[in-house]
Amino acid sequence: MLSTSYPTKHSLILSLMANKLLALSLFLPFLLLFLSGCFASTFRQQPQQNECQFQRLNALEPDNSIKSEAGTIETWNPNNDQLRCAGVALSRCTIQRKGLRRPFYTNAPQEIYIQQGRGIFGIIFPGCRETYEEPQESEQGQGPRPQDSHHKVEHFREGDIIAVPTGFPFWMYNNEETPVVAITLIDTTNLDNQLDQIPRRFYLSGNQEQEFLQYQQKEGGQGQQQEGRNEGGNVLSGFNDEFLEEAFSVDREIVRSIKGKNDDREGGIIEVKEGLKVISPPTMRPRPGQEEEEQRRGEEKRGDRRRPHHHHHHHAEEEKEEEWSHEVRRVRRPGRHDDDREGRNGLEETLCTMRLRHNIGQSTSPDAYNPQAGRLKTLTSIDLPILGWLGLAAEHGSIYKNAMFVPSYNVNANSILYVLNGSAWFQVVDCSGNAVFNGELNEGQVLTIPQNYAAAIKSLDDNFSYISFKTNDIPQIAALAGLTSSIRALPLDVVAHAFNLDRDQARQLKNNNPYKFLVPPPQSQLRAVA
């Protein structure tokens, strides 16, 4: 007779604890990844002593250019005092039609602004599942062909901000005629970066030159020179052939390609002559204002009431869906009662599906607008939550000719301002009242405005516009003049005594400017323009 043994209460408890520990061990890496990002957005490495002591700020231009097969990558020297003070590095990437930016990851978070063009991009979230799959197909006499699957592919357009966390592989592709121009800020003092302040791009393929390591070599040092000898390889190039054969379960010829030995294409941007084939849903051409309306609805859901609400007229009929390329394959959508539930950990609805892109270009509804002065649009972690992980934000501004952005300062962030179009006159003043910058800033130039330094802008062109990267995910601006200024908020008697004015003069100082941030040109200049 067979004896039946029943689990004791003690064994059940042990089994339950073991299951909980197993679940915790699977979830803990993602939890730590998420929490480390949250805390890193609050704390940044401080610059060294006297690193932010400026007698003069300068308009900066790229000082290095690396040509690729299908584009160019330009960089600003990250050892420049202004950029070291802000703890950032900058680059500008131009991608020609059918150009593919090879996949790479960096040692610090990136914030990318699309100055021009359209295309697609992908970011690999380590540990997340592939969610884009192609239908299984059979080839005659050979049975089912292995299906492809990969992480999400997204479209980008002019005016987009793309957020890329530290160590997450990123790639982009230009599928239009117009060259893509992308400005990238790398936040090297973010606590996610455990190396030094020299940015590093770890390419997954090819044998292109490292964009930033040349600056490290110029600084000198044996360790730096040793690292510089690896220029021209990718992150897999240094492994032994046997390691790669075993790791990927491939033959020696494929290993040679992995290490870049069979690839004579130049640089980090390569041409895909036959066009890139990826899995992507068909895209719908948006109605006028559709994307802005969707963003506004998202802001309302998060309780954001900072923006003026603009109501858009709905079209009676939506335009038909159309594919951005005849090469795109449709996504296989699992059924409602899909049984493939194993391996789900809940992160697909949080970390793995974070929004990575938000448009703040000219077409979006601005936060501040004056029809005679210009418009401002700010992007923070309230609008794009992943920025809270990165600890970054951005501001897009357009200022009309002879209009002014009043003297103001960043309360809790550095600003790295890049001129997109036109030119303007800038003044920046330090804590001692010295004008550390007083001059013209032109298209393609960069100016760092350190935290709390007061700055004012006067546009010299009708089409002057800029993008400003901020080193805080919820940056604050304090105006020194105008309707919301610190001076206007002071009691009248305090203003009078502090500035040695009579009460009537103090009242004029407080109340004469009825504008918030953007001031139209004086009436005489308006009449001259008219």
Side-chain angles (χ1 to χ4, degrees), residues 26-42 103-114 119-133 149-157 159-172 182 184-187 190-193 278-281 283 291-292 294-304 331 333-334 343-360 364 378-394 469-475:
L26 293 173
F27 180 72
L28 190 57
F30 293 96
L31 180 64
L32 292 175
L33 178 65
F34 185 77
L35 289 178
S36 66
C38 293
F39 288 118
S41 69
T42 308
F104 69 90
Y105 58 91
T106 60
N107 59 316
Q110 303 174 82
E111 192 173 39
I112 303 171
Y113 178 77
I114 305 300
I120 59 174
F121 74 94
I123 297 177
I124 309 305
F125 280 71
C128 294
R129 294 169 39 172
E130 296 88 356
T131 55
Y132 279 35
E133 301 174 346
S149 63
H150 54 68
H151 280 198
K152 184 177 180 181
V153 173
E154 297 197 43
H155 294 257
F156 66 80
R157 65 184 177 96
D160 277 351
I161 287 284
I162 302 173
V164 187
T166 305
F168 283 32
F170 168 82
W171 60 270
M172 64 192 310
T184 299
L185 176 135
I186 305 176
D187 183 15
N190 190 289
L191 286 187
D192 280 350
N193 176 23
V278 298
I279 307 167
S280 177
T283 59
E291 183 166 346
E292 291 79 2
E294 290 173 355
Q295 291 182 0
R296 177 179 62 79
R297 287 175 179 172
E299 291 162 0
E300 289 178 350
K301 286 180 181 179
R302 290 186 295 274
D304 186 2
V331 178
R333 298 177 182 272
R344 293 185 181 179
N345 52 24
L347 291 172
E348 284 81 359
E349 292 78 32
T350 53
L351 179 67
C352 297
T353 57
M354 276 187 170
R355 282 197 309 119
L356 306 170
R357 179 187 65 87
H358 194 101
N359 194 278
I360 61 170
T364 54
T378 303
L379 178 67
T380 72
S381 59
I382 297 174
D383 313 293
L384 189 62
I386 195 172
L387 292 179
W389 183 349
L390 274 59
L392 297 171
F469 300 101
K470 310 274 189 173
T471 58
N472 193 305
D473 63 291
I474 305 183

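Along the sequence shown, residues are numbered consecutively beginning with 1. Scope of the values below: all heavy atoms of this structure, side chains included, with no hydrogens, waters or symmetry mates.
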- Message: Strictly distance-based, threshold 3.5 Å: is any side-chain N or O of Asn193 a donor or acceptor partner for the main-chain N or O of Asp187?
- Response: no

- With under 30° as parallel and over 60° as perpendicular, where do the rings of Phe170 and Phe104 fit, or are they tilted in between? perpendicular

- Message: What's the separation between atom CD1 in Ile161 and atom CD1 in Ile386, rounded to the nearest 0.5 Å?
- Response: 12.5 Å

- Drop me the distance from Asp160's CG to Leu356's CG, to the nearest 0.5 angstrom. 11.0 Å

- Message: Show the nearest heavy-atom pair for residues Ser381 and Ile474, with the distance to one decimal.
- Response: OG-CG1, 3.4 Å

- Looking only at heavy atoms, the pair that brings Ile114 and Met172 closest together is CD1-CE, 4.0 Å

- Message: Quick check: closest heavy atoms across Thr166 and Ala108, and the distance to 0.1 Å?
- Response: OG1-C, 3.3 Å

- Query: If you look at every heavy atom in Leu390 and Gln110, which pair is closest and at what distance?
  - Reply: CD2-O, 3.3 Å

- Query: When rounded to the nearest 0.5 angstrom, what distance separates CG in Leu387 from CD in Glu111?
  - Reply: 5.5 Å

- Query: Does a side-chain heavy-atom distance below 4.5 Å link Ile112 with Phe469?
  - Reply: no

- Message: As an exercise, state the distance from CG of Asn190 to OG1 of Thr471, rounded to the nearest 0.5 Å.
- Response: 10.5 Å

- Message: Ring-plane angle category for Trp389 and Phe168, please: parallel below 30°, perpendicular beyond 60°, tilted otherwise.
- Response: perpendicular

- Nearest heavy-atom neighbours spanning Ala163 and Pro165: O-CD, 3.9 Å

- How long is the gap from OH on Tyr105 to CD1 on Ile124, to the nearest 0.5 Å? 13.0 Å

- Expected output: side-chain Arg355 to main-chain Asp383 donor-acceptor under 3.5 Å: yes

- Query: What closest approach, in Å, do Leu379 and Ala393 show between heavy atoms, and which atom pair accounts for it?
  - Reply: O-CB, 3.1 Å

- Note on the structure: The reported gap from CD1 in Ile162 to CZ in Phe156 (rounded to nearest 0.5 angstrom) is 6.0 Å

